[in-house]
Structure formats: C-alpha cells, structure tokens
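For reference, the structure discussed in these notes is given below.
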Amino acid sequence: MDDTIASHLASSAERRLSTLSHHLTGHSASMASEIPISALSPSATAGSYGGVSSVFVNILQAPEDPILGVTVAYNKDPSPVKVNLGVGAYRTEEGKPLVLNVVRKAEQLLVNNPSGVKEYLPITGLAEFNKLSAKLIFGAESPAIRENRVATVQGLSGTGSLRVGGEFLARHYFERTIYIPQPTWGNHPKIFTLSGLAVKYYRYYDPATRGLNFHGLLEDLSSAPPGAIVLLHACAHNPTGVDPTLEQWEQIRQLMRSKGLLPFFDSAYQGFASGSLDADAQSVRMFVADGGECLAAQSYAKNMGLYGERVGALSIVCKSSDVAGRVESQLKLVIRPMYSNPPIHGASIVATILKNSELYNEWTVELKMMADRIISMRRQLFDALSKRGTPGDWSHILKQIGMFTFTGLNSDQVAFMTKEFHIYMTSDGRISMAGLSSRTVPHLADAIHAAVARIN
Ligand code: KET
C-alpha cells in the first residue's frame, strides 16, 4: 500500500478510536455502557489454540441496541396482549406491517420489465434515483438543482447516508466537530463518532415545558466554533416530536449562516410529519434558498415503507457545479471500500414511483393516510387518558409531531409497563404512535395510568 494512504488510514483510525473514547468518557453514560472501551482495543486472545478454548474467548457480550433491542425482547414475549411501540415502524389498524399499494405496483412494473437486469450500479447508485431524490427534498424549482451544484449519491437508507456524509466531512472538512441535539436519535452519536468526527451536543428539548429549548439552542450554537457542523432533524424530531416553528427555523438559519456553521440535515420523515412532502421539507429549502452550502441525508424507510430495502440518498449542496463534481468524486472514494456500490431494487422502486406522475400522486395519498392515522392515534390516546383522569398534563401528545410521542414517562415507569402490561417501548419514554391502533389504545392508557399512579 502507498505509504501516504497507509499513514492516512492509520491516523484516521486512531482519530476514530480517540474521538470515540473521548466521547464515551465525556458525554453519554448510556453509550458508554453500549460500547465498552475494552471492546475497541484488540482483546488478548485465548492462551490455548488446541481446539479447547476459542481465540475469541475474551470477547464481551454486547448489550442489545436501545431501539432495535426492544423488538428482540418483544419477540420473546409469549403474551397475547403484547404491543411493540419501540421501533419507529408503521403498522395498520390491524397491527400489521404495511406495504404501500404504490410500491406493489412499482414492483410489478419492475418484474415485468424485460430489460431489467441485476448488474452492479455505479458507485454513486442509480443516477435517475439520485436526481429525483434531490428534487424531492430541495423542490423541483430549486436553484441549486438548476445550477447543477448538488452532488447526490444513493445511500444505504438514512443511516448509511449519514455515515457516508460523516466520513466525507471527517476526511475533507476543516472543522471536525459535529453538534447534535440533546436528545437525539440514539444512533447519531455512534454514526458520527465512528465516522471520525468529534460529537458535541446542543440544547434542544426542555422537559419542563415539553417543548423546544430555543434559547438554549441559540446559545449553544452561538458558542460553537466557526465552521462547526450542526445536525438538524429536517422535521418530526426523533425522539421528542418537537420541531422549531418556521420563524424559529429562520432565526436558526440566520445564526448559523452568520457564524459559518455547516448544516447537515437528517430527513427520515419527509411527509410523515404533516402529511405533505413539501411542507416537511421547508426547513431544508430555507437553507438552500440562501445560496449557502449544506448536506442532507434522506431515508425512504418510513415515507415509502421501504425499511428493509435500505434505500436513501446523501446530497451535498455546493456553491458551484465544479465543486459539486469534485465532491462527488471524493464521495466515491468513501463508498467504494465501504460497500462498493448500493443495492438496485429499492432505488428502482423509488425511481419508478417518483418519475411517474400517476404513481407519485398515489404515493402522496397513501402517505397522507399514514400520517393521518398517526395523528388520530394521538387524539385517541389523549382522550383515553382524559377519560381515566390520569394525573398530569398530556396535551403534548396532541402537540408533538411525527411518528413519536415523547411521553415524559421515566425508565422505571417504562419497565413497569413492560413487565405488567407487556408494552414495549424505549426506556426514554418514547412511544411509536405508528405502532398503536384503536384496539390497543385502551390497553396503553391503562398501563400509563397505572404507571403514573404507582411509580414516581
Ligand atoms: N434518522 C432518524 C432521525 C431516524 O429516526 C432513523 C430511524 C434514521 C435516521 C435511520 O433510518 P434508516 O432505516 O436507516 O433509513 N429511526 C428508527 C429506526 C431505527 O432506530 O433504526 C427509530 O428511531 O425507531
């Protein structure tokens, strides 16, 4: 291997380990328990190679993921009344996973297409999918698209797109600190730390008001170093369900631009917050309209129900098409040794739907139906708690936006609800409203009522 590449790789690996251990010791106790420091350095191997003892004997049992592990526990529970409100995955009124009709139709078209092949895609993915994805998030009339200054690559859903963006920034951007909201989706600190960035938090949520800590947010971003990267949830903030208003977004934008902070949008719920794809992309479009640069990671897991297809995109909006071309060339160098090139099927489904106006319209109707069902679950849960006279103000259930309600229940109350009522949810008190149905609302309300009455 070329010496300079070898030393670059060695130093970036060192940086990752040191930022990760810095992060573990500095910031998040919960994360420290998930990735023991000892797991990051080579473990001493077993003394014997005689076939009796494994060379992996010193490997520690890792804990389950705080979100996906909830499903593992749920699957093991034989109770007929169990409910999984952990992972953010849409369920029908019957509690079943949903494949959108429009997705089935697109798949039929793909199966019947005699020229459909299974060749490798380019490193950057399906070109048509990339163009359509950029249009979906930035808007058909976006000047950045018209001026050809957006570099878009297909990613492995939202997670993979965030990771590629993180690694690109760690390699090529001068300020390697990323600020993420407190709290945020539990995978964010891990993705960015392992990308080689240093993770810091900005205040976001105020438990006292169950709303945005706007003052704290502005203060923390004001004191971030010039150029720092800032992770923003485009809409339907996970886990809090609390989004800035458009006026607040405008203030955030002005502050960030005046300080030269680099926005990195995570858009995992476009269309799920309001039911409108355009309304949910407003925050991102504001930052693109001012002519400045930004990154955006998109996921089609929720809004097209393509969870397991792992389809998403990373776009980097640049100042000129010349820069965008060079950025894309470097993204290819991040992707090629990571997974070579992305899978073809999910991206073909998305492209088929986005390019056909009839299918596109059908998609928006199905999307709105999912968003409306979630909103109606909010009303039903709120009414059920009111009917029971459950102590406390539960109006945040109605006010919060998107897939989740951040209930304010503590981890002991959650553990009680799981043990006594077989209700599975993350220990931070987050409920996936998309997993709820008219049938399960009374059971959940009973559980919350009992938890609040018995445990402080
Ligand atoms: N960003 C956010 C904010 C997010 O909530 C998720 C998934 C993702 C990105 C990544 O999704 P992907 O499937 O990679 O496109 N969140 C849900 C699922 C999970 O944790 O993986 C969740 O919070 O339940």
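In each ligand, atom 1 is the first atom listed, and ligand 1 is the first ligand listed. Not measured: the values here are computed from a predicted model.
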* Asked: Relative to the heavy atoms of V87, which atoms of ligand 1 are at a distance of less than 4.0 Å?
  -> 18 (C), 24 (O)
* Residue among N238, L85, V70 satisfying side-chain contact (heavy atoms from CB on, under 4.5 Å) with R430 -> N238
* To do: For ligand 1, indicate whether the residue D266 contacts it via side chain, backbone, both or neither (heavy-atom separation under 4.0 Å).
  => side chain
* Looking only at distances, please establish whether an N/O atom of ligand 1 is found under 3.5 Å from an N/O atom of L162. => no
* To do: Could you pull out, from P66, G402, S157, the option with a heavy atom nearest to atom 15 (O) of ligand 1?
  => S157
* **Ligand-residue contact atoms, ligand 1 with S299, heavy atoms, under 4.0 Å** => 12 (P), 15 (O)
* Asked: Which of these, V311, L306, N238, has its nearest heavy atom closest to atom 5 (O) of ligand 1?
  -> N238
* Asked: So which bit of T159 gets within less than 4.0 Å of ligand 1, heavy atoms only: side chain, backbone, both or neither?
  -> both
* To do: Using a strict 4.0 Å cut-off to heavy atoms of G88, name the atoms of ligand 1 that fall inside it.
  => 22 (C), 24 (O)
* Hey, does Y269 sit under 4.0 Å from ligand 1 if you only count heavy atoms? -> yes
* Proximal atoms of ligand 1 relative to G158 (non-hydrogen, under 4.0 Å) -> 12 (P), 14 (O), 15 (O)
* So is K302 in contact with ligand 1, going by heavy-atom distances below 4.0 Å? -> yes
* To do: Would you please determine whether H237 falls within less than 4.0 Å of ligand 1 on a heavy-atom basis?
  => no
* Protein contact to atom 13 (O) of ligand 1 [nearest heavy atom, distance to 0.1 Å] -> R310 NH1, 2.8 Å
* When the ring planes of W249 and F265 are compared, do they come out parallel, tilted or perpendicular, using 30° and 60° as the limits? -> tilted
* Structure fact -> For R430, the atoms of ligand 1 under 4.0 Å from one of its heavy atoms are 22 (C), 23 (O), 24 (O)
* Asked: If every non-hydrogen atom of T152 is compared with every non-hydrogen atom of A134, which pair is closest and at what distance?
  -> OG1-CB, 3.7 Å
* Asked: Step by step, would you call E250 with Q254 a side chain to side chain donor-acceptor pair (under 3.5 Å)?
  -> CA-CA 6 Å; E250 176 53 21; Q254 282 177 15; 2.8 Å; yes
* To do: Find all atoms of ligand 1 within a distance of less than 4.0 Å from any non-hydrogen atom belonging to A301, and give their numbers and elements.
  => 13 (O), 15 (O)
* Is the charged tip of K82 near the ring of Y424: under 6.0 Å from the six-membered ring centre and within 45° of its axis? -> no
* Asked: Does the side chain of R285 come within less than 4.5 Å of D278's, by heavy atoms?
  -> yes
* Structure fact -> Shortest non-hydrogen pair, E175 vs A228, comes out as CG-CA, 3.4 Å
* Asked: Aromatic rings W185 and H188: how do their planes relate, parallel, tilted or perpendicular, breaks at 30° and 60°?
  -> perpendicular
* Asked: Checking salt bridge (charged side-chain N to carboxylate O under 4.0 Å, His left out) against R373, which of E93, E366, E94 comes through?
  -> E93
* Specify the closest pair of heavy atoms between M304 and I353, including all atoms of both residues, with the distance to one decimal. => SD-CD1, 3.8 Å
* Structure fact -> Check: of Y307, W185, F404, min heavy-atom distance to atom 10 (C) of ligand 1 comes from W185
